[in-house]
Amino acid sequence: MSARFPAMLRLAVVYALIGVPSLYSAIPPGYTAPVFPAAGIAMMSLLLWGRALWPGVLLGSLLVQLVASGQAGVHGWAYLALLVVPLAATVQALGSCWLIQRWIGWPNPLDRADSVIRLMLFIIPLSCLLSSGISVPTLAALGVLPASDLLFNVWNWWLGDTFGCLIMLPLMLAWFGRPRSEWRARSPALLWPMLLTALTMVGFSALIHHWEALRVQSQFNRDAGQIELALKKRLDMQLDGMLALQQLQTRSPGDSASQWREVTASWLARLPGTQSLGWCPLVSDAERAAFEGHALAGSSILARDAAGHVAPSPQRPSYLPVRYIEPLASNKRALGLDILSSPELATTIRHSLQSGQPMASPAIRLVQEAQKQKGVALYQAVYAPTDDSQHQVLRGVISSLFRMDDIVSSTLQHGVRHDIEVCLIDRDGAPGFHRLSGPANCGKEGWFGQRPHLLSQFSFAGRNWALRLRASEDYLAGLRSWLEWITFVVGLAMTGLFGGFLLIVTGYTRRMEGEVQQRTAELADINQQLQTQLDATRKAEANVTYLALHDSLTSLPNRACWLTMARHAMAEEDKRQLAVLFLDMDEFKTVNDSLGHPVGDQLLVGISRRLQQPLPPDAMLARLGGDEFVILLPYQQQAQLDALGEQLLALFDPAVVVEQHELRCTVSIGVALFPQDGQDPDTLLRHADMAMYAAKEAGRDTLRYYTPDMNTQAMERLTLERDLRRALQDDPAQLVLYYQPQLDADSGRCIGCEALVRWRHPLRGLMLPGEFISLAERSGLIVELGRWAAAGLMLPVSVNLSPVQLERSDLTPYVRGLVKRYQIAPGMLELELTEGALMSEDARHLEVFNALMQLGCRFALDDFGTGYSSLSRLKRFPISRLKIDQAFVSTLPGSGDDEAVVRATLSMARDMGMDVVAEGVETEAQHRCLQAMGCAQMQGYHFARPMPAAELFRFVARLPQAQDSR
C-alpha cells in the first residue's frame, strides 16, 4: 500500500488537472461535459498499473466534484454528490477493466480489428453507462441537476465518458503502453495524428462554443436590463411619493386622520408592496401631556426597545410619535409609537433630519409580517416654511414601510421576463442581514456560478444597494441550441474512431512471440510485487494499530486507548467504585522554554516511569498529551486514594537528571469519582480536570477532589469570558475609557494622565480592571482589549501594556498605525509595563522596545518594587519613568521601611536619569511627605479620581497650566 501511494497521488492529481478544465466544455445551458478525458485516464491507469490504484481515481474525482459543486452553488443534502459521483467513477473504472479483461484479455496488443472494434464500440460504451446511470439520477434527486433534463444529462454524461475513454486509449498506450519497445515504435504514428485531430476539433468546438455563449449572454443582457430599469423606476416612485407628501405637509399640514387618508390613498394604490404611510409630528416633552390627551385619547406615547417590546416611553426632550398612519386597519399598533425609540431606525431618522432628504433604513423584519420577507423603512423630514433669515423649524417626519419581496414581485409583473432570478442586496447592511429580496443564498460570492448574470450597483435614499440578476435554469433551457452540441459530438466521434483506426493500422508491425514472452515475465514480476506488498501491508497495519493506541514518546496508552478501557471498566456488572486522577506537571513549560523540547521529552519519559511504581496492577495509567497524565483506579475507601495521592506527590520530590541537569518539578492532581461525579469517562475526565485546576489555584503540588461548585465557577468564568468577547466584537460601547490625571506636585500643573478601562457589564454593572483583566490575559482577549483601549487615545497619555501583548509580532506595526492615524507627537505616548515583562532578556524583546522608541514612545515601569526587577535589566531596557506602587505610598508618613524604599527609589531614579511618579496618593499628608522626599510627580484620589475624557478636559482647564495657556 505504501509503495503505491505516490502512484495513487499522481493519478489523483492528473485526474483533477484534466477533469476540472473538462467541466467548462459543458454546452450552455448544459450541466454535464460532452467530453471527459479523465474517465479515460482512470480506465487506462487501472489497466496499465493495476486496479489497486482505484483510491487515486476516488480522490481525483472527489477533487473534481469539489470544483463542480462550487460552480453549481450546491448546499444542504446536495453535498452528498461529493461522495456519490466519485464512487460511481471508481466503480466505472473498475468495471471497464473487468470487462476488458473478460472480453478481449489484457495485456492486449490491440493489433487486430476484432479486438479494437469490440473494445471501442461495445466494451467502452457499455461500461460508461455505470457512472452516468448512477450519478445523474442521484444529482437530479439532490436538486443539483434539473429533473426535466434527466435523459439529456444521462446521455451527455455517457457521451462525455465514452469519448474521453476513446480518445485517451490510444494516447496513453502510445505514452505508457507495455512493452515499451513495442509501443515506442508505434507511438509516433499514434500520437501526432491523434493530437492534430484533437487540436483541430477543440479549436473548432471552442469557436462554436464562443459564438453560442455570446448569443446567450447578449440576449440575457437585454432581458436583464429591462428588469433593472423597471425596478429602479419602481424605487424612484417610492421616493416621489415621499417628496410629494413632504410638500403637502410643508404647505398645508393635515390635522385629521381623514385628511391623511385622502392624501395617501392615491399613493398606496400606485405603490403596491407599501406596508404603511405615516405622519409623526414633533412633540416636545412640555407638549407630551396635551398631545397624549387630545391625539392619543389619553394613551401614553410608546417606545420600543431593541428586543421589539413596546412600553410607555420614558421621559425625553422630544418625541416623534405616529399620529396618522394608513392603511389604519393593519397598522393600529403603531399609533403613538415614538419612531426615535427604535435603535435600528433612529440613525436613519437623524440622517433625514440633517439632510432634509428621504433616507432608507437597513433591512428590518416587520412586526406585522407573517412571512419571511424583509422590509425597509423610508423617512422624510418636514420643516415649516421659513425665510432665509430664520432657522428651519421641524414639524415632523413622514414614514413609509414597504416589503421588498412585494416590491420586486410587482415589478416583475409588467412587461419583463419572469424566469430571471432577481437578488437585491444592501451593500451597507450588516453581515448576514444585507439581503433585501431574492433566494436565500443569493448574497454569497459564488451565487452567479457559470450562468449569465448582471451586477448593478446604485444608491437609494442614502444607502448603497446592489441588484444581482442571474439566468435561471428555465431561462437557459429556452435558449438552448443544439448546433454546438451536435458539432462537438460529431467531432468527438470522428476523433475516437480515428484513434481506433490508428491502433489497427499500427498494430500489424508488432512481433507476436516477443510480446507474449515479455508479458509473461511482467505478470510473474507483478505477482511477486503483490505478494511482497501484501506482507508489508500486514506489518504496517499491525504497527499502525499499536501507534494508534499508544503514546509515541512514553509508550503509555494514549487518550483514545484510555477512554476505551475506561468505558469497559465502567460497563462491568459489578459496578466497582472507580476514581479518575488527572495529573498536570507544574511549570513544565519553563523546562521546554529554557532547556528545549528534547530535554522536556526526556523529563516526561522519566516521570512516566516513576508514575508506574506505586500503582496497583489494576490501575490504568495513560498520557493525554503534553504534561498531562490520567489514572483510572478501582478503590474501596477514600483513604486509599489519599494515600496514593501522597505517594504520587512524593514521587516528584527527587530530581530527574537529564543531560547533567537536575530537574525538579511538582504536580497538581484532580480527582473525580465514579459513579457519583459522572457516569461516563468523558464527564469524569472533565470534572477531574476542573479539580486539577482547583489544585493549581490552591498553590499547586497538592490534590483536590471534584465538587459541583467547581463546575459553577468554571461556567461563571466561561460566561464572563463570553460576555467580554461579545463586548469587544459586537458592543464596544460597554467598554469606556477613564483617565486619571498625573500632576506636578510643585506647580500643580497636569503633566499627563493614565488611561484606565472600565466595563459597563449589562448585568453586573460597572466593573473595575481587577475584576476582568486577569481573565482577559488567560483567554487571550487582552490583545483585543489593548487595541480597543488604544483607540480612545488622548494625549499626553500613559497606556498599560500587558506582557501578552509584548509577545505578539504585530505590536509594533499596530502602534505605528496609531501614531500615524492620530498624529501623535514624540514623547506623548507612554507605555506602562509591569516588572514581569522585563524578566525575559530575549534579544527580540529589546528589538521591540527599540522599534517602539523610534516611533516616539516612552516607557514606564509600573508597580515598581513589587516584582523581580534588577538594576541590570533597568539599564538594558529603555525605561524613562518609574511608578512607585501604592502599597508603599499608603503607609506614608510613619512607616520607616516604606519611606526607605521610596527614598531609595527616588535616589536611584535621579542617578539613572529617570522620572518617578507616586501612585495612590490619597491624603494631604502623603502628598507633603512625598514632596519633602523630592517626588515631584503624583497621581491618586487626593488630586482626582479616574474620569471620562470630557470631565478630564474640564478638570485640566481649572488647573494653572490651562490659565497660563490662555
Do [X] and [Y] have side chains that get closer than 4.5 Å, going by heavy atoms?
{"X": "Phe629", "Y": "Asp584", "result": "no"}
{"X": "Leu673", "Y": "Gln577", "result": "no"}
{"X": "Pro681", "Y": "Met570", "result": "yes"}
{"X": "Leu685", "Y": "Trp562", "result": "yes"}
{"X": "Leu581", "Y": "Leu648", "result": "yes"}
{"X": "Tyr15", "Y": "Val64", "result": "yes"}
{"X": "Phe582", "Y": "Glu628", "result": "yes"}
{"X": "Thr532", "Y": "Leu530", "result": "no"}

Between [atom1] on residue [X] and [atom2] on residue [Y], distance to nearest 0.5 Å:
{"X": "Leu17", "Y": "Leu63", "atom1": "CG", "atom2": "CG", "result": "9.0 Å"}
{"X": "Leu62", "Y": "Leu83", "atom1": "CG", "atom2": "CG", "result": "7.5 Å"}
{"X": "Ser96", "Y": "Leu130", "atom1": "OG", "atom2": "CG", "result": "7.0 Å"}
{"X": "Trp49", "Y": "Ile526", "atom1": "CH2", "atom2": "CD1", "result": "12.0 Å"}
{"X": "Arg559", "Y": "Thr564", "atom1": "CZ", "atom2": "OG1", "result": "11.5 Å"}
{"X": "Phe5", "Y": "Arg10", "atom1": "CZ", "atom2": "CZ", "result": "11.0 Å"}

side-chain hydrogen bond (donor to acceptor under 3.5 Å, both in side chains) against [X], all qualifying residues, sequence neighbours excluded:
{"X": "Gln679", "value": "none"}
{"X": "Thr666", "value": "Asp586"}
{"X": "Ser45", "value": "none"}

Minimum heavy-atom distance between [X] and [Y], given as atom pair plus value:
{"X": "Leu11", "Y": "Leu53", "value": "CD2-O, 3.6 Å"}
{"X": "Ser131", "Y": "Gln92", "value": "CB-OE1, 2.8 Å"}
{"X": "Leu632", "Y": "Ala569", "value": "CD2-CB, 4.0 Å"}
{"X": "Ala52", "Y": "Met8", "value": "O-CE, 3.3 Å"}
{"X": "Ala93", "Y": "Ala42", "value": "CB-CB, 4.1 Å"}
{"X": "Met692", "Y": "Ser668", "value": "CG-O, 3.5 Å"}

SB check Asp682 Arg567 (cutoff 4.0 Å):
yes
Not counting sequence neighbours, which residues clear ring pair (Phe, Tyr, Trp, His ring centres under 6.0 Å) with Trp54? List them please.
none
Test side-chain contact (heavy atoms from CB on, under 4.5 Å), reference Leu583, set Asp627, Val667, Leu649, output is Val667
Identify every side-chain donor-acceptor pair in residues 603-626 under 3.5 Å, counting partners at least two apart or on other chains, and give the distances.
from, atom 1, to, atom 2, distance (Å)
Ser608, OG, Leu604, O, 3.3
Ser608, OG, Val605, O, 2.6
Arg610, NH1, Leu651, O, 2.8
Arg610, NH1, Pro654, O, 2.9
Arg610, NH2, Ala655, O, 3.0
Gln612, NE2, Ser608, O, 3.2
Arg623, NE, Gly626, O, 3.1
Arg623, NH1, Asp551, OD1, 3.1
Arg623, NH1, Asp551, OD2, 3.0
Arg623, NH2, Gly626, O, 2.9

Full working for side-chain contact (heavy atoms from CB on, under 4.5 Å) between Gln531 and Asn527
CA-CA 6 Å; Gln531 185 60 44; Asn527 289 335; over 6 Å; no
Table please: side-chain donor-acceptor pairs of residues 638-645 below 3.5 Å, with sequence neighbours left out.
from, atom 1, to, atom 2, distance (Å)
Gln640, OE1, Gln636, N, 2.8
Gln640, OE1, Gln637, N, 3.0
Asp642, OD1, Tyr705, OH, 2.6

Where the side chain of Ser890 meets the backbone of Ala887, is there a donor-acceptor pair that is under 3.5 Å apart?
yes
One pair to check against side-chain contact (heavy atoms from CB on, under 4.5 Å): Leu663 and Val599. What are the steps and the verdict?
CA-CA 10 Å; Leu663 304 178; Val599 174; 3.8 Å; yes
Derivation of the side chain to side chain donor-acceptor pair (under 3.5 Å) call for Asp525 and Gln529:
CA-CA 6 Å; Asp525 183 59; Gln529 292 179 6; 2.8 Å; yes
Check the pair Asn558, Cys561 against side-chain contact (heavy atoms from CB on, under 4.5 Å), reporting the backbone distance first and the verdict last.
CA-CA 5 Å; Asn558 59 15; Cys561 181; 3.4 Å; yes
side-chain contact (heavy atoms from CB on, under 4.5 Å) for His550 and Ser555? Distances and angles first, verdict last.
CA-CA 6 Å; His550 290 79; Ser555 298; 5.8 Å; no
Apply side chain to side chain donor-acceptor pair (under 3.5 Å) to Arg700 and Thr702, showing your working.
CA-CA 5 Å; Arg700 305 184 178 184; Thr702 186; over 6 Å; no
